[in-house]
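We're numbering straight along the sequence, starting at 1.
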Amino acid sequence: MSIDDFKFVESLPDWIAFKLDDIKTEKVLILDKEMNPFYLETDLNGDDKLDIAFCVKDKLTNKKGILIIHGGDFKTFLIGAGNSFAHVGDDFKFVELWKIYKDRAVELMEFAENGDILGSKEIKIENDAILVSKSESASNLIAWQNDKYVWLHTGD
């Protein structure tokens with residue numbers, strides 16, 4: 001990932017700032033400087049180590065996404081930015097807001113095959129998640145479940 005602005009690098013926690021040059025991704029990614037905050041830090045995968053997430057853009061296509069780096073093994077997960085994720089697609093240009101979701105109970109929307117809303121049900125999640133949304137719109141979660149990130153539709 002390319003962070004060419006020293007002000008942003010100096011704002012990062014030391015555990016990741018010193019490793020940025022070692023982190024390689026399949027695509028050339030740049031930091032999406034429009035997002036505030038520009039990174040989120042919490043334990044997303046439940047290994048008791050801090051993980052970090054950045055809003056990024058694919059430098060070639062300008063498609064937006066989220067790059068998650070696990071603090072334990074520095075493994076990367078690119079969601080969007082040209083990589084298709086769940087039924088959401090490969091461009092997270094709709095995301096205007098993001099933050100850490102710490103609650104363990106989630107109201108998950110249930111849909112019929114034709115797309116009609118059937119209702120909602122409460123589920124439990126084990127770890128912190130990333131809440132993403134468009135201003136004054138539905139919020140959704142990106143959560144670690146069964147060794148991968150999943151999309152949880154939480155409202156309309």
Q) Using a distance-only test with no angle check, is there a side-chain donor-acceptor pair under 3.5 angstrom linking S120 and E107? A)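 Yes - a donor-acceptor pair under 3.5 Å links their side chains.
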
For the residue pair H153 / N140, report whether a side-chain donor-acceptor contact shorter than 3.5 Å exists.
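N140 vs H153: donor-acceptor pair found between side chains.
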
Could you label the plane-to-plane angle of the F38 and F8 rings as parallel, tilted or perpendicular, counting under 30° as parallel and over 60° as perpendicular?
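Rings of F38 and F8: perpendicular, over 60°.
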
Report task. Give me the ring orientation class for F94 and W151: parallel if the planes are under 30° apart, tilted from 30 to 60°, perpendicular past 60°. Result ->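 Plane angle over 60°, so perpendicular.
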
Gap separating the [atom1] atom of [X] from the [atom2] atom of [Y], nearest 0.5 angstrom:
X	Y	atom1	atom2	value
W144	D47	CH2	CG	9.0 Å
L60	I30	CG	CD1	9.5 Å
D58	L78	CG	CG	8.0 Å
I100	T42	CD1	OG1	4.5 Å
E96	E136	CD	CD	9.5 Å
L67	I79	CG	CD1	9.0 Å

Counting distance only, does the side-chain N/O of [X] pair as donor-acceptor with the main-chain N or O of [Y] below 3.5 Å?
X	Y	answer
S133	S135	no
D91	K93	yes
T154	S139	yes

Beyond-backbone contact of [X] with [Y], side-chain heavy atoms, under 4.5 angstrom:
X	Y	result
Y101	I130	no
M109	L118	no
F111	D116	no
L97	M35	no
W98	I142	no
L131	L141	yes
V132	I66	yes

Grab the two heavy atoms, one from [X] and one from [Y], that are nearest each other, plus how far apart they are.
X	Y	answer
K49	G72	CD-CA, 3.5 Å
N127	G46	OD1-CA, 3.2 Å
L12	A17	CB-CB, 4.1 Å
I23	I16	CD1-CD1, 3.5 Å
I69	F54	CD1-CE1, 4.0 Å

- prompt: Is L40 reachable from V95 through a run of hydrophobic residues whose side-chain heavy atoms are each under 4.5 Å from the next?
  reply: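 Hydrophobic grouping puts V95 with L40.
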
Same apolar cluster: F77 and L152, side chain cutoff 4.5 Å:
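F77 does not cluster with L152.
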
Enclosure of [X] [atom1] (heavy-atom neighbours >12, cutoff 6.0 Å):
X	atom1	value
E126	CD	no
E26	CD	no
N114	CG	yes

(Q) Run the salt bridge (charged side-chain N to carboxylate O under 4.0 Å, His left out) test on E122 and R104 for me, step by step, so that the C-alpha distance in whole Å, both residues' side-chain angles and the decisive distance to 0.1 Å come before the verdict. (A) CA-CA 10 Å; E122 184 174 285; R104 295 297 178 247; over 6 Å; no

If you draw the axis of the six-membered ring of F74, does the NZ or CZ of K19 fall within 45° of it and under 6.0 Å from the ring centre?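 The answer is yes; both the distance and angle limits are met.
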
*Might you work through the side chain to side chain contact (heavy atoms under 4.5 Å, CB included) test for K63 and K57, ending with a clear yes or no?*
CA-CA 5 Å; K63 290 183 177 183; K57 295 180 192 177; over 6 Å; no

Intermediate values then yes/no, side chain to side chain contact (heavy atoms under 4.5 Å, CB included), V56 and D32 = CA-CA 5 Å; V56 295; D32 182 359; 5.7 Å; no

inquiry  = For D128, is there an ion pair with K102 - N to carboxylate O distance below 4.0 angstrom?
reply    =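 Salt bridge present between K102 and D128.
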
Worksheet entry | Note: K64-D90 ion pair, threshold 4.0 Å (strictly below) |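 The answer is no: the pair does not qualify as a salt bridge.
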
query = Given L20 and D22, is the side chain to side chain contact (heavy atoms under 4.5 Å, CB included) satisfied, shown in steps?
reply = CA-CA 5 Å; L20 277 180; D22 299 334; over 6 Å; no

Check: Pick one: which of D51, I52, T76 meets side chain to side chain contact (heavy atoms under 4.5 Å, CB included) with H70?
Finding: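 Testing H70 for a side chain to side chain contact (heavy atoms under 4.5 Å, CB included) against D51, I52, T76 leaves exactly one candidate, D51.
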
